Trainee: 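Below you'll find the structure I mean.
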Amino acid sequence: MKPLPPETTSELLSRVKSIAGLTLGELAHRTNSPIPGDLRQHKGWVGQFLETFLGADSGNLAVPDFSKLNIELKTIPINKRGLPQESTYITVVPMLGAPNLAWESSEVRLKLQHVLWLPVEADQHLKLADRRVGYAVLWRMPTHIEAILRADWQELMEYVLLGRLAKLNASIGQYLHVRPKAANSRILTQGLDNQGNKILTLPRGFYLRPQLTQQIILKKC
DNA sequence: CATTGATCATAA
DNA sequence: TTATGATCAATG
């Protein structure tokens, strides 16, 4: 079962409103979708299931999930205290730079410009089928947050492009940070050393810390 | 117990 | 192979 993409933002919003408070089991039942016993070998299942359910049409292309609306969908795991349980993956780190290397044209900014955040219960003691979908938050990146993300991105990209990858770790960055993004720690991709030569290194991704996503779902920013 | 580093599934 | 969707699991 694959619904058509929403034509308008309000259509998308009415779709998410209609599932607020419902469990994943209920939604999976409606669409005759199999539901995994747990997420250990299906880590992306919740996000991919809800994407399909809502009619996201971008597959795994590097563009926002709802291509026509330019809106990115992020499901966000919520712990029993009602706060984000994990960081949020944004996009791959461009290890060799980009054609137009600036925050303004970065994938991070493009993806975070307009995001539909969809909270989903994620307490590990809750069976997958019993986890409820929450109330979605349609968010535009505010100027004061963008300023922080820009500074983080610039600092992080300096490590990447100036051959300081060995010193780049997840403790760097206020809201945005960089962590491994690979099947395992032996995977290699091209990067740069401090002479600008190509070397092989672990692929990495940009992630948002829960400190930011917490503010977002609480509508503090 | 929060954070960092490692890992799993799937599509094109 | 590299992007998407993320959570798992070791560590401090």
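Since we're looking at a predicted model, the values are computed, not measured.
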Trainee: Quick one: which of C:dT2, C:dA6, C:dC8 gets closest to the side chain of A:Leu39?
Mentor: C:dC8

Trainee: Considering only distance and modelled atom types, tabulate donor-acceptor pairs under 3.5 Å from the side chains of residues 97-105 of chain A, sequence neighbours left out.
Mentor:
| from | atom 1 | to | atom 2 | distance (Å) |
| --- | --- | --- | --- | --- |
| A:Trp103 | NE1 | A:Glu146 | OE2 | 2.8 |
| A:Ser105 | OG | A:Asn100 | O | 2.7 |
| A:Ser105 | OG | A:Ala102 | O | 3.3 |

Trainee: Mind checking salt bridge (charged side-chain N to carboxylate O under 4.0 Å, His left out) for A:Arg132 and listing every partner two or more places apart, or none if nothing turns up?
Mentor: A:Glu121

Trainee: When the distance from CD1 of A:Ile90 to P of C:dA6 is rounded to whole Å, what number comes out?
Mentor: 10 Å

Trainee: Please report how far the helix from B:dC1-C:dG12 to B:dA12-C:dT1 bends, comparing the axis fitted to its first five pairs with the axis fitted to its last five, to the nearest 10 degrees.
Mentor: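 About 20°, once rounded to a multiple of 10°.
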
Trainee: Taking distance alone, no hydrogens or angles, what donor-acceptor pairs closer than 3.5 Å link side-chain atoms of residues 211-221 of chain A to residues at least two apart or in another chain?
Mentor:
| from | atom 1 | to | atom 2 | distance (Å) |
| --- | --- | --- | --- | --- |
| A:Thr213 | OG1 | A:Pro210 | O | 3.3 |
| A:Gln215 | NE2 | A:Tyr175 | OH | 2.8 |
| A:Gln215 | NE2 | A:Gln211 | O | 3.4 |

Trainee: A:Gln124 side chain N/O closer than 4.0 Å to the phosphate oxygens (OP1, OP2) of C:dC8?
Mentor: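 It does, given that an N or O in the side chain of A:Gln124 lies less than 4.0 Å from OP1 or OP2 of C:dC8.
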
Trainee: Can you check whether A:Pro94 reaches A:Phe206 side chain to side chain, under 4.5 Å on heavy atoms?
Mentor: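 The answer is yes; the side chains approach within 4.5 Å.
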
Trainee: With sequence neighbours excluded, tell me which residues meet side chain to side chain contact (heavy atoms under 4.5 Å, CB included) with A:Gln195.
Mentor: A:Asp193, A:Asn197

Trainee: Send over the distance from A:Ile187 CD1 to B:dG5 C1', rounded to a whole Å.
Mentor: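 Spelled out: CD1 on A:Ile187 to C1' on B:dG5 is 15 Å.
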
Trainee: Quick check: do A:Leu50 and A:Ile19 have side-chain heavy atoms less than 4.5 Å from each other?
Mentor: yes

Trainee: Taking for each residue the nucleotide of DNA chain C with the nearest heavy atom, is it A:Gln190 or A:Arg40 whose nucleotide lies nearer the 5' end?
Mentor: A:Gln190

Trainee: Tell me every residue that passes salt bridge (charged side-chain N to carboxylate O under 4.0 Å, His left out) with A:Lys68, counting only those two or more places apart in sequence or in another chain.
Mentor: A:Glu7

Trainee: Using heavy atoms and a sub-4.0 Å distance, could you list which residues of residues 158-172 of chain A are near DNA chain B? By number, please.
Mentor: A:Asn169, A:Ala170, A:Ser171

Trainee: Tell me: NZ of A:Lys43 to C1' of C:dA6, nearest whole Å?
Mentor: 8 Å

Trainee: Using 30° and 60° as the class limits, which term best fits the ring planes of A:Trp45 and A:Phe49: parallel, tilted or perpendicular?
Mentor: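 Aromatic pair A:Trp45/A:Phe49 classed parallel.
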
Trainee: Strictly below 4.0 Å: does A:Gln41 bring a side-chain N or O up to OP1 or OP2 of B:dC8?
Mentor: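 So the side-chain polar atoms of A:Gln41 never come under 4.0 Å of the phosphate oxygens OP1 or OP2 of B:dC8.
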
Trainee: Report yes if some heavy atom in the side chain of A:His114 is under 4.5 Å from a heavy atom in the side chain of A:Pro64; otherwise report no.
Mentor: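 Not touching, per the 4.5 Å side-chain cut-off.
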
Trainee: With a non-hydrogen cut-off below 4.0 angstrom, is A:Gly44 in contact with a base, only sugar-phosphate, or nothing?
Mentor: base

Trainee: Short of 4.0 Å, heavy atom to strand atom, which residues of residues 76-89 of chain A count as contacting DNA chain C?
Mentor: A:Pro77, A:Glu86, A:Ser87, A:Tyr89

Trainee: Measure CG/A:Asp57 against C1'/B:dA11 and give the value in whole Å, please.
Mentor: 15 Å

Trainee: Apply side chain to side chain contact (heavy atoms under 4.5 Å, CB included) to A:Thr8 and list each qualifying residue two or more places apart in sequence or on a separate chain.
Mentor: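 Applying side chain to side chain contact (heavy atoms under 4.5 Å, CB included) to A:Thr8 gives A:Ser10, A:Glu11.
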
Trainee: Taking A:Ile78 as the starting point, is it possible to reach A:Leu73 by hopping between hydrophobic residues whose side chains are less than 4.5 Å apart?
Mentor: no

Trainee: Flag the pair A:His42 / A:Gln48 as yes when at least one side-chain heavy-atom distance between them is below 4.5 Å, and no otherwise.
Mentor: no

Trainee: For A:Thr9, give me all partners under side chain to side chain contact (heavy atoms under 4.5 Å, CB included), at least two apart in sequence or on another chain.
Mentor: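 So A:Thr9 forms a side chain to side chain contact (heavy atoms under 4.5 Å, CB included) with A:Leu13, A:Leu69, A:Ile71, A:Leu138.
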
Trainee: Which residue, A:Gln211 or A:Leu202, contacts DNA chain B at a nucleotide closer to its 5' end, judged by nearest heavy atom?
Mentor: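 Looking at DNA chain B, the more 5' nearest nucleotide goes with A:Gln211.
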
Trainee: Taking side chain to side chain contact (heavy atoms under 4.5 Å, CB included) as the test, write out the residues that go with A:Lys181, two or more places apart.
Mentor: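 Side chain to side chain contact (heavy atoms under 4.5 Å, CB included) list for A:Lys181, sorted by chain: A:Tyr89, A:Tyr207.
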
Trainee: Can you pull out the residues from residues 176-183 of chain A that lie within a 4.0 Å heavy-atom distance of DNA chain B?
Mentor: A:His177, A:Arg179, A:Pro180, A:Lys181, A:Ala182, A:Ala183

Trainee: Without decimals, in angstroms, what is the distance between A:Trp45 CH2 and C:dC8 C1'?
Mentor: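 After rounding, the reported distance stands at 18 Å.
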
Trainee: To the nearest Å, how far apart are A:Phe66 CZ and C:dG5 C1'?
Mentor: 13 Å

Trainee: To the nearest angstrom, how far is A:Glu72 atom CD from C:dA6 atom P?
Mentor: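 For the pair A:Glu72 CD and C:dA6 P, the rounded distance is 8 Å.
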
Trainee: Write down the distance between CZ (A:Phe49) and P (C:dA6), rounded to a whole number of angstrom.
Mentor: 14 Å

